[in-house]
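Down below is the structure, laid out as structure tokens.
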Amino acid sequence: MGFTQAGLSARSGVPLGTLRKFERTGLGSTEALVKLLSVVGGLEATIEAAKPEAVTFASIDEVLKDDPRPSRKNGWRT
């Protein structure tokens, strides 16, 4: 997009040191990522991709049936 690090930092409000660390390590806060995405584009697509799938249940029995947790077992392992 033609941004320099300093230019992107100024436009996004993310400190230059934080931006450099993010580019170097991939580590940073969610807040910094959202600010950067709002400047370079992709914020709407990221929000859309993060939306959970709508799951509808007709009864409480359907909710309990789909519980992925294994049942607990008491006793010694052999």
Side-chain angles (χ1 to χ4, degrees):
M1 296 184 78
F3 291 122
T4 63
Q5 287 181 336
L8 182 56
S9 173
R11 284 179 178 236
S12 66
V14 175
L16 184 56
T18 301
L19 178 59
R20 287 181 176 159
K21 178 182 175 186
F22 182 69
E23 285 188 345
R24 189 175 62 253
T25 66
L27 300 174
S29 70
T30 304
E31 180 183 3
L33 178 62
V34 168
K35 287 179 178 182
L36 292 169
L37 283 172
S38 69
V39 172
V40 299
L43 184 58
E44 292 80 16
T46 302
I47 291 170
E48 188 63 34
K51 286 184 181 177
E53 294 181 23
V55 179
T56 57
F57 297 101
S59 70
I60 190 68
D61 292 327
E62 288 182 14
V63 174
L64 296 175
K65 179 182 73 174
D66 290 338
D67 188 359
R69 293 179 291 177
S71 61
R72 294 183 62 157
K73 296 179 183 177
N74 294 328
W76 295 94
R77 294 183 186 174
T78 57

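Predicted, not measured: the structure shown is a model, and the values here were computed from it.
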Non-hydrogen atoms of Val14 and Leu19 that approach each other most closely: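 What the structure gives for the nearest pair is CG1-N, 4.1 Å.
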
Minimum heavy-atom distance between Leu16 and Ser9, given as atom pair plus value: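 Shortest heavy-atom separation between Leu16 and Ser9 comes out as N-OG, 3.2 Å.
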
Any pair counted as side-chain hydrogen bond (donor to acceptor under 3.5 Å, both in side chains), so long as it reaches residues 45-54, sequence neighbours left out: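 Applying side-chain hydrogen bond (donor to acceptor under 3.5 Å, both in side chains) to every pair that reaches into residues 45-54, excluding sequence neighbours, yields Glu48-Lys51.
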
Residues in side-chain hydrogen bond (donor to acceptor under 3.5 Å, both in side chains) with Glu44, at least two apart?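 If we apply the side-chain hydrogen bond (donor to acceptor under 3.5 Å, both in side chains) test to Glu44, skipping adjacent residues, there are no hits.
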
Among residues at least two apart in sequence or on other chains, which ones pass side-chain hydrogen bond (donor to acceptor under 3.5 Å, both in side chains) with Gln5?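 Counting only residues at least two positions away or on another chain, Gln5 forms a side-chain hydrogen bond (donor to acceptor under 3.5 Å, both in side chains) with Arg20, Glu23.
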
Give me each pair satisfying salt bridge (Lys or Arg N to Asp or Glu O under 4.0 Å) with a member in residues 32-43, each pair once, sequence neighbours excluded.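 Sorted result for residues 32-43: Glu31-Lys35.
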
By the salt bridge (Lys or Arg N to Asp or Glu O under 4.0 Å) test, which pairs, at least two apart or in different chains, include something from residues 3-12?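 Every candidate salt bridge (Lys or Arg N to Asp or Glu O under 4.0 Å) pair involving residues 3-12 fails, so no pair, neighbours aside, qualifies.
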
Heavy-atom distance under 4.5 Å between the side chains of Leu33 and Phe22, does that happen here?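 Result yes, sub-4.5 Å side-chain heavy-atom pair found.
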
List in chain and number order the residues that pass side-chain contact (heavy atoms from CB on, under 4.5 Å) with [X], two or more places apart in sequence or in another chain; answer none if no residue qualifies.
X	value
Thr56	none
Thr25	Lys21, Leu27
Leu43	Val34, Leu37, Ser38, Ile47
Ile60	Val63, Leu64

